[in-house]
Q: 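Questions regarding the structure given below will be posed in turn.
The chains referred to below are lettered A, B, ... by the order of the sequence lines, with proteins before strands, and numbering in each begins at 1.
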Number of protein chains: 2
Amino acid sequence: MAVTIKDVAKLANVAPSTVSRVIANNPRISERTKRRVREAMEDLGYHPNYNARSLANRSTQTLGLVMPSSADKALQNPFFPEVLRGISTKAHEKEYTLYLSTGATEEEMLEGVMGMVHGRRVDGIVMLYSRIDDKIMAFLEQQNFPFTVIGKPLVNPDSITHVDNDNFRAAKDVTDHFIKKGHTHIAFVGGNLDLVVTVDRLNGYEKALREADIPYEEDYVVHVEFLKEGGQEAVMELFSLEKPPTALVVADDLMALGIMSKLDEMGLSVPEDVSIISFNNVMLAEYSSPPLTSVDINIFQLGYQAVNCLLEKINDPDSGNKRVCVPHKVVERWTVKTLDEKKEVK
Amino acid sequence: MAVTIKDVAKLANVAPSTVSRVIANNPRISERTKRRVREAMEDLGYHPNYNARSLANRSTQTLGLVMPSSADKALQNPFFPEVLRGISTKAHEKEYTLYLSTGATEEEMLEGVMGMVHGRRVDGIVMLYSRIDDKIMAFLEQQNFPFTVIGKPLVNPDSITHVDNDNFRAAKDVTDHFIKKGHTHIAFVGGNLDLVVTVDRLNGYEKALREADIPYEEDYVVHVEFLKEGGQEAVMELFSLEKPPTALVVADDLMALGIMSKLDEMGLSVPEDVSIISFNNVMLAEYSSPPLTSVDINIFQLGYQAVNCLLEKINDPDSGNKRVCVPHKVVERWTVKTLDEKKEVK
DNA sequence: TTTTAGGAAGAAATCGTTTACAATAAATGA
DNA sequence: TCATTTATTGTAAACGATTTCTTCCTAAAA
């Protein structure tokens with residue numbers, strides 16, 4: 001039906017293998033035959049069949065992406081389009097294409113990944129999250145399949161190539177920022193505790209408090225989902241406390257947005273009554289009212305670098321494992337109020 | 001290396017063809033051998049090789065997505081994550097996976113699509129836009145390759161399956177809305193004129209004006225890019241006119257946001273000085289200040305239905321062409337000011 | 001007992017490439 | 001001149017499935 005390498009071979013009066021070599025631009029073929037073959041390809045409108053190629057090659061030129069939840073859910077958070085941008089930019093640079101994972105439950109996801117790996121559907125995998133005790137990561141490691149992680153693997157980070165921010169530092173920075181502005185009642189609203197990023201940030205938050213001799217209160221730490229609704233739940237909890245916080249370290253812009261709208265409903269205003277710094281600095285942060293002070297973690301770079309490392313691993317499986325740290329930067333806008341400026345101590 | 005169908009066959013003491021039949025659950029194989037073979041598969045941890053399958057089958061179980069510009073650029077607009085959500089939801093339901101297109105220029109995109117089609121890399125394609133005189137669409141049509149379009153093909157819409165909103169109607173509705181609220185100086189800020197969606201909406205806008213005997217002014221119609229920056233350009237043009245508009249029909253939320261921030265810079269306030277209704281109703285619309293009145297075009301459905309139609313076409317290539325119309329709904333928020341309430345005429 | 005039908009499974013071709021190995025002819029060197 | 005390279009191309013075996021024929025049984029019909 002479609003025109004194959006054999007048709008080209010016949011027309012150009014050569015063997016199929018010769019055509020294959022011309023495609024690969026093998027130097028062992030003379031320029032004269034190359035020209036002849038290329039002409040034949042042109043004439044017939046020949047295009048190589050990817051599946052046949054992959055099969056013979058054992059390479060697919062495609063990369064698998066594993067989301068923390070089903071793509072359906074994950075795509076609701078602006079984080080993902082942005083990593084995707086970084087990922088697809090680098091992937092396309094190197095002529096790789098992308099393959100999105102399936103599955104609603106963790107069990108289904110694992111099933112899907114096993115399919116990708118065993119079925120040789122992808123050459124490598126980017127994990128878009130890092131969870132504690134993750135079955136999928138364990139599987140990939142055990143299979144010795146090329147993969148990189150966005151975030152920090154908890155167990156043996158040195159033996160897994162990953163790209164991450166310094167989340168501990170970032171959380172400490174923003175907490176310090178609040179402290180410097182005179183806040184002492186600072187709460188932490190994080191995502192699910194089994195995400196490593198949450199743990200890192202929580203630790204940074206705690207460290208900052210300890211250094212400033214502010215007691216760490218269990219009640220000031222809540223963990224909710226990375227969505228708007230999550231933010232709203234958090235508000236309910238925190239603002240029914242006897243002494244509600246005056247400042248919030250929030251792990252995600254979307255959550256912060258949810259928090260602000262809930263706060264608004266309750267008649268509390270930002271930053272007058274409560275200050276907020278969140279993470280990610282997605283476009284929303286700029287356009288909310290008031291605009292959010294947010295930590296820019298350079299999501300695009302996260303994706304871009306993850307693919308970069310992955311391709312290195314694919315091309316040289318024995319290359320060592322790397323850790324790439326993408327710098328962050330807090331972008332100050334209008335959600336932080338100064339209670340009582342501290343003198344610079346340092 | 002990896003375990004193949006032959007290994008399973010050997011262990012189960014049957015021919016490879018038998019194993020294949022067991023996988024396909026062919027009724028011509030006895031339950032007893034089926035059990036035996038399945039056991040062998042389990043024991044060896046067998047997973048079928050997708051490439052080999054695709055090659056033999058001439059089907060890939062994957063769908064190609066063609067973006068209006070490179071994925072890199074397109075993903076900046078929240079429209080795309082949301083269609084992607086719809087698309088991936090349906091695709092995963094039917095165990096199809098997704099393949100993102102490559103290419104920065106139109107020429108490169110076409111190249112990429114030709115690769116997908118001729119190289120049998122995908123079973124069908126969803127075009128995420130509809131442009132006038134589009135080479136890619138022409139190619140797909142000429143090849144008689146299964147594809148569906150999100151948006152309305154301009155040339156022969158009846159012979160191409162597509163899913164769309166009634167954009168003419170939607171634009172007329174919002175323009176009428178302005179008119180009813182007493183506005184007479186209504187401008188239109190659209191995307192690129194070679195996108196069919198722009199044309200449809202422009203026509204709806206014009207129709208509403210004519211019906212209300214408001215003159216259609218060339219100066220009140222501008223066309224810019226579907227991004228924040230586009231909105232800002234638009235403001236520069238419109239508000240240097242002698243008689244600037246009091247109401248804006250804007251083709252995209254992101255553009256509207258750009259417009260609002262520019263307006264703010266210029267000391268004009270929304271909706272006091274200028275009213276705005278935009279399209280898409282992405283999450284941003286809800287969180288901007290003031291929150292945007294926006295036409296919800298149900299982006300998720302657009303993607304979901306596009307895949308639905310595509311799968312139908314793939315499974316039955318001779319099924320007729322359809323047009324699915326996804327309903328829209330204007331979501332009123334706080335960017336429209338009543339100048340002078342008209343009596344309901346109808 | 002022979003024929004026949006039908007169920008179950010195997011053999012081998014096929015899908016469209018790549019690639020190791022072989023083959024040929026021309027060119028080089030002694 | 002003959003052996004040996006070297007440059008160029010061909011042959012055929014993978015790659016890992018699916019699928020069309022066959023074949024082989026066994027049991028029912030004649």
Side-chain angles (χ1 to χ4, degrees), chain A residues 1-41 44-62 114-123, chain B residues 1-41 44-62 114-123:
Chain A
M1 182 152 302
V3 26
T4 77
I5 212 172
K6 285 183 189 164
D7 302 319
V8 176
K10 205 168 292 170
L11 182 62
N13 245 311
V14 296
S17 53
T18 304
V19 178
S20 175
R21 291 189 180 107
V22 172
I23 294 170
N25 200 16
N26 188 317
R28 303 171 57 94
I29 302 293
S30 71
E31 280 307 322
R32 212 161 51 91
T33 23
K34 273 188 188 173
R35 215 170 315 126
R36 202 147 42 95
V37 170
R38 290 205 178 106
E39 221 165 78
M41 299 200 300
L44 294 173
Y46 169 78
H47 287 257
N49 180 307
Y50 278 101
N51 279 315
R53 261 195 161 176
S54 295
L55 185 57
N57 262 340
R58 275 91 133 264
S59 105
T60 60
Q61 292 285 113
T62 105
M114 286 174 62
M116 286 192 207
V117 172
H118 284 133
R120 292 280 121 92
R121 204 158 183 170
V122 299
D123 294 342
Chain B
M1 185 153 303
V3 27
T4 78
I5 211 173
K6 285 184 191 164
D7 301 320
V8 176
K10 207 168 292 171
L11 183 62
N13 246 309
V14 296
S17 51
T18 304
V19 178
S20 174
R21 289 187 181 108
V22 173
I23 294 171
N25 202 15
N26 188 316
R28 304 170 53 95
I29 302 293
S30 72
E31 280 307 323
R32 214 161 50 91
T33 25
K34 274 187 186 171
R35 216 170 315 126
R36 204 147 43 94
V37 169
R38 289 203 178 107
E39 220 164 80
M41 299 200 301
L44 294 173
Y46 169 77
H47 288 255
N49 180 307
Y50 279 100
N51 280 314
R53 260 193 162 177
S54 296
L55 185 58
N57 262 341
R58 277 89 136 263
S59 105
T60 61
Q61 292 284 114
T62 105
M114 287 174 63
M116 285 192 209
V117 172
H118 284 132
R120 292 282 123 89
R121 203 158 183 168
V122 299
D123 294 342

Q: Rounded to whole angstrom units, what separation is found between the CE atom of A:Met41 and the P atom of C:dG16?
A: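 One finds 17 Å between P of C:dG16 and CE of A:Met41, rounded.
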Q: Could you tell me how far apart B:Ile5 (CD1) and C:dA11 (C1') are, to the nearest whole angstrom?
A: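 To the nearest whole Å, that distance equals 14 Å.
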Q: Would one find more than 12 heavy atoms of other residues, nucleotides or ligands at under 6.0 Å from atom NZ of B:Lys34?
A: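 Yes, NZ of B:Lys34 has more than 12 neighbouring heavy atoms, counting only those of other groups under 6.0 Å.
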Q: Between D:dT8 atom C1' and A:Ile29 atom CD1, what is the distance in whole Å?
A: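 Taking CD1 of A:Ile29 and C1' of D:dT8, I get 7 Å after rounding.
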Q: Please classify the nucleic acid contact of A:Asn13 as base, sugar-phosphate, or nothing, using heavy-atom distances under 4.0 Å.
A: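 The residue A:Asn13 makes sugar-phosphate contact but no base contact.
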Q: So what does A:Val14 touch, heavy atoms closer than 4.0 Å: a base, only the sugar-phosphate, or nothing?
A: sugar-phosphate
Q: Look at B:Thr33 and C:dA8 and indicate whether a side-chain polar atom (N or O) is within less than 4.0 Å of OP1 or OP2.
A: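 Result: no.
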Q: Can any side-chain N or O of A:Arg36 pair as donor or acceptor with the backbone N or O of A:Ala12 at less than 3.5 Å?
A: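 At least one qualifying donor-acceptor pair exists.
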Q: Mapping B:Ala52 and B:Arg32 to their closest nucleotides on DNA chain C, which lands nearer the 5' end?
A: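 In this pair, the answer is B:Arg32.
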Q: When you look at A:Val37 and A:Ile29, which way does the side-chain contact (heavy atoms from CB on, under 4.5 Å) test go after all the steps?
A: CA-CA 11 Å; A:Val37 170; A:Ile29 302 293; over 6 Å; no
Q: Does A:Arg53 reach the side chain of A:Ile23, with side-chain heavy atoms less than 4.5 Å apart?
A: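 Side chain of A:Arg53 against side chain of A:Ile23, heavy atoms only: contact under 4.5 Å found.
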Q: Axis-to-axis angle across the helix from C:dT1-D:dA30 to C:dA30-D:dT1, five pairs an end, to 10 degrees?
A: 60°
Q: Starting at NE2 of A:His47, measure out to CZ of B:Arg121 and round the result to the nearest 0.5 Å.
A: 13.5 Å
Q: Please report, rounded to the nearest Å, how far the C1' atom of D:dC15 is from the NZ atom of B:Lys6.
A: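 So the NZ-C1' distance, B:Lys6 to D:dC15, works out to 9 Å.
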Q: Hey, does B:Val8 have a side-chain heavy atom less than 4.5 Å from the side chain of B:Val22?
A: no
Q: For a quick test of reading the model, state the closest non-hydrogen atom pair linking B:Asn49 to B:Ala52 and the distance between them.
A: OD1-N, 3.0 Å
Q: Determine whether B:Asn51 and A:Thr60 make a side-chain contact, defined as any pair of heavy atoms from C-beta on separated by less than 4.5 Å.
A: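 Yes - at least one pair of side-chain heavy atoms lies under 4.5 Å apart.
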Q: Scan nucleotides 19-22 of chain D against the protein and return all N/O pairs shorter than 3.5 Å with their distances rounded to 0.1 Å.
A:
unit_1 : atom_1 : unit_2  : atom_2 : d
D:dT20 : O4     : B:Arg21 : NH2    : 2.6

Q: I want to verify a distance call: between D:dT9, C:dG10, C:dT17, whose nearest atom is closest to the A:Ser30 side chain?
A: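 Minimum distance to the A:Ser30 side chain belongs to D:dT9.
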Q: Figure out the CD/P separation between B:Gln61 and D:dA17, and round it to whole Å.
A: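 After rounding, the gap between these two atoms is 16 Å.
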Q: With a 4.0 Å cutoff (strictly under), does any side-chain N or O of A:Tyr46 reach OP1 or OP2 of C:dT17?
A: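 For C:dT17, OP1 or OP2 has a side-chain N or O of A:Tyr46 closer than 4.0 Å.
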Q: Tell me: CZ of A:Arg120 to C1' of C:dT17, nearest whole Å?
A: 18 Å
Q: Measuring to OP1 and OP2 of C:dC15, would you say a side-chain N or O of A:Thr4 lies under 4.0 angstrom away?
A: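 So the side chain of A:Thr4 is outside the cut-off, no N or O lying under 4.0 Å from OP1 or OP2 of C:dC15.
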Q: For A:Tyr46 and A:Val3, which heavy atoms make the closest approach, and how far apart are they?
A: CD1-O, 3.5 Å
Q: Does B:Arg28 offer a backbone N or O that forms a donor-acceptor pair with the side chain of B:Asn26 under 3.5 Å?
A: yes
Q: Classify the nucleic acid contact of A:Ser54 as base, sugar-phosphate or nothing, counting any heavy atom under 4.0 Å across all strands shown.
A: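 Here A:Ser54 touches no strand at all.
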Q: Mind calculating the distance between OH (B:Tyr50) and P (D:dT18) to the nearest angstrom?
A: 12 Å
Q: Roughly how many Å is it from CG in B:Asn49 to C1' in D:dG16, rounded to a whole number?
A: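 Whole-Å distance recorded here is 6 Å.
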Q: Which nucleotide in the set C:dT17, D:dT18, C:dA9 lies at the smallest distance from any side-chain heavy atom of B:Arg53?
A: D:dT18
